[in-house]
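A, B, ... follow the sequence lines: proteins, then strands. Residue 1 opens every chain.
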Number of protein chains: 2
Amino acid sequence: MSESSGGETLLFLTDEQLRQGIEAVFFAYQSFTADPDRILATMAYGRAHHRAIHFINRAPGTTVNNLLAILCVTKQSLNRVLRSLVEDELVEARVGKVDKRERHLYLTEKGEALERKLSDAQRARMRSAYRAAGPQAVAGFRTVLEAMMDPEMRRRYLSLKESGV
Amino acid sequence: MSESSGGETLLFLTDEQLRQGIEAVFFAYQSFTADPDRILATMAYGRAHHRAIHFINRAPGTTVNNLLAILCVTKQSLNRVLRSLVEDELVEARVGKVDKRERHLYLTEKGEALERKLSDAQRARMRSAYRAAGPQAVAGFRTVLEAMMDPEMRRRYLSLKESGV
DNA sequence: AGTTTAAGTCAGTCTTGTTGACATTCCAAG
DNA sequence: CTTGGAATGTCAACAAGACTGACTTAAACT
């Protein structure tokens with residue numbers, strides 16, 4: 001509260017301040033995932049399905065390999081999730097035209113409906129947090145998050161960001 | 001970049017902006033946990049052990065029930081983790097003096113050493129992100145994170161924050 | 001033709017979450 | 001004082017979702 005918009009002091013880099021930042025991330029992430037988790041629990045899906053659906057929606061036609069890089073999981077792990085999504089007709093995997101080895105992933109209408117349901121819940125929380133915090137805080141929020149990312153992750157984040165305008 | 005320190009516009013509340021916020025949290029959290037995960041992988045421990053160690057260090061003498069509320073898992077789940085930590089002599093569980101049902105949890109020296117190792121790694125990342133982003137961004141970062149938390153979580157976060165000065 | 005790459009599969013393990021049953025301790029009402 | 005209920009913690013079994021390792025198939029590259 002006291003160090004809020006202060007000058008250029010470096011006092012906020014004490015171990016205690018850093019610890020508080022770590023805990024803030026922990027607690028916020030817990031709430032952040034709680035809304036979609038509640039929805040997913042009512043079906044036979046989990047957080048892994050949500051992640052796949054989110055990024056397929058974000059980059060329709062993306063390949064399996066691409067998704068693996070973003071999610072940072074093994075293909076075996078992703079495959080289990082993808083298989084059930086394809087079986088349940090939430091995701092369509094089309095064979096690549098130029099390279100037939102590749103599978104391009106798309107959400108079906110059913111998949112889009114679930115995506116909307118999940119992201120509506122998550123966006124509602126972000127929206128109210130953003131509104132409560134104000135534009136300046138939001139800018140700072142995103143600056144710090146970007147600075148926290150590993151370079152490789154930041155690269156992927158930024159390229160998604162640009163593709164979405 | 002363009003919406004950085006801008007005025008009081010509400011343009012940043014478009015779905016696209018909110019989506020970017022969601023993705024930023026996702027990618028940042030991935031990097032955020034990567035450092036301790038790497039250390040833990042070399043021993044027989046996981047993220048759950050880290051969380052327990054972190055909060056026991058933060059509030060020495062805390063009870064199991066207390067920890068459950070913070071971590072939002074079942075007591076059975078926490079108990080497995082706690083048992084292995086006690087067996088390995090990283091944590092000491094003392095029977096409560098006034099209420100013998102309670103176990104008060106403390107880190108041993110060995111436990112403190114691991115806590116330091118883990119949090120050093122995590123703090124290093126936070127420190128460099130904070131430094132790169134600057135004090136104003138950090139203030140905004142924390143404001144938004146607090147606003148994202150469920151009221152109950154925020155209450156717990158704030159009480160830890162105060163206890164640590 | 002031989003190698004590499006993309007994707008998928010099968011089997012087995014580990015962590016970490018879950019529920020259900022149970023033991024111990026405390027406390028308060030009869 | 002005792003007894004029954006609530007709180008605290010433990011044990012056992014199971015499921016999700018991550019992992020590794022070995023392997024197949026098909027297509028592309030050289």
Exercise. Side-chain donor or acceptor of A:R101 under 3.5 Å from a matching atom on the base of C:dT5?
Worked result: yes
Exercise. Could a donor-acceptor pair under 3.5 angstrom be found where the side chain of B:E102 meets the base of D:dG9?
Worked result: no
For this session: Establish whether the base of D:dG17 is bridged to the side chain of A:Q76 by a donor-acceptor pair shorter than 3.5 Å.
Result: no
For this session: Measure the distance from NE2 on B:H104 to C1' on C:dT25 and round it to the nearest whole Å.
Result: 13 Å
For this session: Scan B:C72 against the nucleic acid and name what it touches under 4.0 Å (heavy atoms): base, sugar-phosphate only, or nothing.
Result: nothing
Problem set entry | Side-chain (A:R51) to main-chain (A:L71) donor-acceptor, under 3.5 angstrom | no
Exercise. With distance as the sole test, does A:R154 use its side chain to make a donor-acceptor pair with the main-chain N or O of A:M149 at under 3.5 Å?
Worked result: yes
Exercise. In terms of ring plane angle, is the pair A:H54 and A:H50 parallel, tilted or perpendicular, where the classes change at 30° and 60°?
Worked result: perpendicular
Exercise. Just checking A:V98: base, sugar-phosphate only, or nothing, at a heavy-atom cut-off of under 4.0 Å?
Worked result: sugar-phosphate
For this session: Take B:T74 and B:M43, find for each the nucleotide of DNA chain C with the closest heavy atom, and name the residue whose nucleotide sits nearer the 5' end.
Result: B:M43
Exercise. Which part of the nucleic acid, if any, lies within reach of A:H49 when heavy atoms closer than 4.0 Å are counted: base, sugar-phosphate only, or nothing?
Worked result: sugar-phosphate
For this session: Remember a base hit wins even if backbone is also touched, and classify B:K100 as base, sugar-phosphate or nothing at under 4.0 Å, heavy atoms.
Result: sugar-phosphate
For this session: Provide, to the nearest angstrom, the distance between the CG atom belonging to B:N79 and the C1' atom belonging to D:dA7.
Result: 15 Å
For this session: For the pair B:F27 and A:F55, name the ring-plane relationship: parallel under 30°, tilted 30 to 60°, perpendicular over 60°.
Result: tilted
For this session: Scan B:R80 against the nucleic acid and name what it touches under 4.0 Å (heavy atoms): base, sugar-phosphate only, or nothing.
Result: base
For this session: Could you tell me whether A:R83 contacts a base, only the sugar-phosphate backbone, or nothing, with contacts defined as non-hydrogen atoms closer than 4.0 Å?
Result: sugar-phosphate
Problem set entry | Rounded distance (Å) that lies between atom P of D:dA16 and atom CG of A:L85 | 14 Å
Problem set entry | Rounded distance in Å - CG (A:L82) to P (C:dA6) | 16 Å
Exercise. In whole Å, what is the span from the NZ atom of B:K75 to the C1' atom of C:dT16?
Worked result: 18 Å
For this session: Identify, between A:V73 and A:D99, the residue whose nearest nucleotide on DNA chain D lies closer to the 5' end.
Result: A:V73
Exercise. Would B:I53 end up clustered with B:M43 when hydrophobic side chains under 4.5 Å apart are linked, directly or stepwise?
Worked result: yes
Exercise. Does any donor-acceptor pair link the side chain of A:R103 with the base of C:dA6 at a separation under 3.5 Å?
Worked result: no
Problem set entry | Separation of atom CG in A:N66 from atom P in C:dT5, rounded to whole Å | 17 Å
For this session: Return the value, rounded to whole Å, for the distance between atom OH of B:Y45 and atom P of C:dT15.
Result: 11 Å
Seminar exercise, completed: From CG of A:N65 across to C1' of C:dG8 the rounded distance in Å is 12 Å
